[in-house]
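Okay, so here's the structure we're looking at.
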Amino acid sequence: MEQIKLNLGCGNKKLEGWINIDIDSGCDPDLVLDILNGFRFHFEDNSVDEVRAFDFLEHIPLGKTIFVIDEIWRVLKPGGKFEHSTPSTDGRGAFQDPTHVSFWNINSWFYFCEGPWAETNGIKSRFKVIEMSDYITSNELHIIHTHGILTKPVQTNE
């Protein structure tokens with residue numbers, strides 16, 4: 001059986017063997033999807049093996065980020081992997097780009113993961129953290145990204 005892997009906000013960084021998704025049809029994605037207007041993945045619950053969101057979520061307004069991550073949670077199979085990279089508020093990169101409309105750091109992600117912060121109202125996602133770390137993208141511009149590898153536990157309390 002072929003795996004279903006989603007590359008969200010692919011832009012010009014399309015990946016072979018992935019379904020490359022973007023709002024901009026000009027970058028020729030496999031699927032054009034406007035997440036800000038009626039976004040919903042065209043995939044069944046628990047049907048996607050892997051989701052990649054690199055330099056994507058910071059372009060989603062704060063009021064919609066919970067829905068987007070919960071939608072990733074919905075389609076991801078138990079045992080599936082969600083890998084993300086977002087500019088961290090611990091550096092300047094989060095704020096210097098005028099197209100960024102939500103702001104992230106390591107602590108932000110714990111609201112979507114198993115543990116004491118996961119009791120926040122309205123968030124369904126309960127990812128298990130495999131890896132979560134910051135890395136410097138540019139010393140000169142003092143840009144730091146938060147990178148995470150999360151998984152949907154095989155046993156969930158949905």
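Just the heavy atoms: all of them, side chains too, but no hydrogens, waters or symmetry mates, feed the values below.
In plain terms, the two heavy atoms of F43 and I4 that are nearest each other are CE2-CG2, 3.9 Å. Between V51 and W18, the shortest heavy-atom contact is C-CZ3, 4.4 Å. Across all non-hydrogen atoms, the minimal contact from F103 to S108 is O-OG, 4.0 Å. Annotation for K14 and N7: closest pair CA-ND2, 4.1 Å, computed over non-hydrogen atoms. The two residues T86 and E58 have their closest heavy-atom pair at CG2-OE1, 3.6 Å. M132 approaches L150 most closely through the heavy-atom pair CE-CD2, 3.7 Å.
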Test side-chain contact (heavy atoms from CB on, under 4.5 Å) applied to V68 and L57, step by step: CA-CA 9 Å; V68 171; L57 289 164; 4.0 Å; yes
Step by step, work out the side-chain contact (heavy atoms from CB on, under 4.5 Å) result for V48 and F41. CA-CA 10 Å; V48 173; F41 284 124; over 6 Å; no
Test side-chain contact (heavy atoms from CB on, under 4.5 Å) on T89 and W104; report intermediate values, then the result. CA-CA 6 Å; T89 58; W104 300 85; 5.8 Å; no
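Rounded to the nearest 0.5 Å, atoms SG (C27) and CG (D22) are 4.0 Å apart. Note: K5 NZ to I19 CD1 = 10.5 Å, rounded to the nearest 0.5 Å. In this structure, the separation between CH2 on W73 and CD1 on I66 is 15.0 Å, given to the nearest 0.5 Å. We find the OG-OH distance between S85 and Y135 to be 3.0 Å, quoted to the nearest 0.5 Å. Rounding to the nearest 0.5 Å gives a distance of 11.0 Å between OG1 of T137 and NE2 of H142. Atom CZ of R126 and atom OH of Y111 lie 12.5 Å apart (nearest 0.5 Å).
Proximity of the aromatic rings of W109 and H84 is defined here by a centroid distance below 6.0 angstrom, and this criterion is met.
Ion pairing of D45 with R74 is present here, as a side-chain N (NZ or NE/NH1/NH2) and a carboxylate O approach within less than 4.0 Å. A salt bridge links D49 with K77: the closest approach of a Lys/Arg side-chain nitrogen to an acidic carboxylate oxygen falls below 4.0 angstrom.
Applying the side chain to side chain contact (heavy atoms under 4.5 Å, CB included) criterion to E83, with sequence neighbours excluded, gives F54, K81, H147, I149. By the side chain to side chain contact (heavy atoms under 4.5 Å, CB included) test, N107 pairs with N105, F110, W117, sequence neighbours left out. Listed by chain and number, the residues in a side chain to side chain contact (heavy atoms under 4.5 Å, CB included) with K128 are E114, T151, P153 (sequence neighbours excluded).
Around CD of E131, the count of heavy atoms belonging to other residues, nucleotides or ligands within 6.0 Å exceeds 12. More than 12 heavy atoms of other residues, nucleotides or ligands shown are found within 6.0 angstrom of CG on L15. By the neighbour-count criterion of 12 heavy atoms within 6.0 Å, atom CG of D30 is densely surrounded, having more than that number from other residues, nucleotides or ligands.
Counting only distance, with no hydrogens or angles, the side chain of D134 and the backbone of I144 share no donor-acceptor pair below 3.5 Å. A distance-only check finds a donor-acceptor pair linking the side chain of H59 to the backbone of T99 [under 3.5 Å]. With E44 contributing its side chain and V75 its backbone, the two residues share no donor-acceptor pair below 3.5 Å. Side-chain atoms of H100 come within 3.5 Å of backbone atoms of G93 as a donor-acceptor pair (strictly under, hydrogens ignored). No donor-acceptor pair closer than 3.5 Å links the side chain of T146 to the backbone N or O of S88.
I106 is not connected to I143 by any chain of hydrophobic side-chain contacts under 4.5 Å among Ile, Leu, Val, Met, Phe, Trp and Tyr, and they are in different clusters.
Looking at I123 and D70, their side chains come closer than 4.5 Å, going by heavy atoms from C-beta outward. Residues P87 and D55 are in side-chain contact: their nearest non-hydrogen atoms beyond the backbone lie under 4.5 Å apart. Two residues are said to be in side-chain contact when any heavy atoms from C-beta on lie closer than 4.5 Å; I72 and L8 meet this criterion. Within the 4.5 Å cutoff, no side-chain heavy atoms of L76 are placed close to those of E50.
The closest side-chain donor-acceptor pair between N20 and K13, if any, does not fall under 3.5 angstrom.
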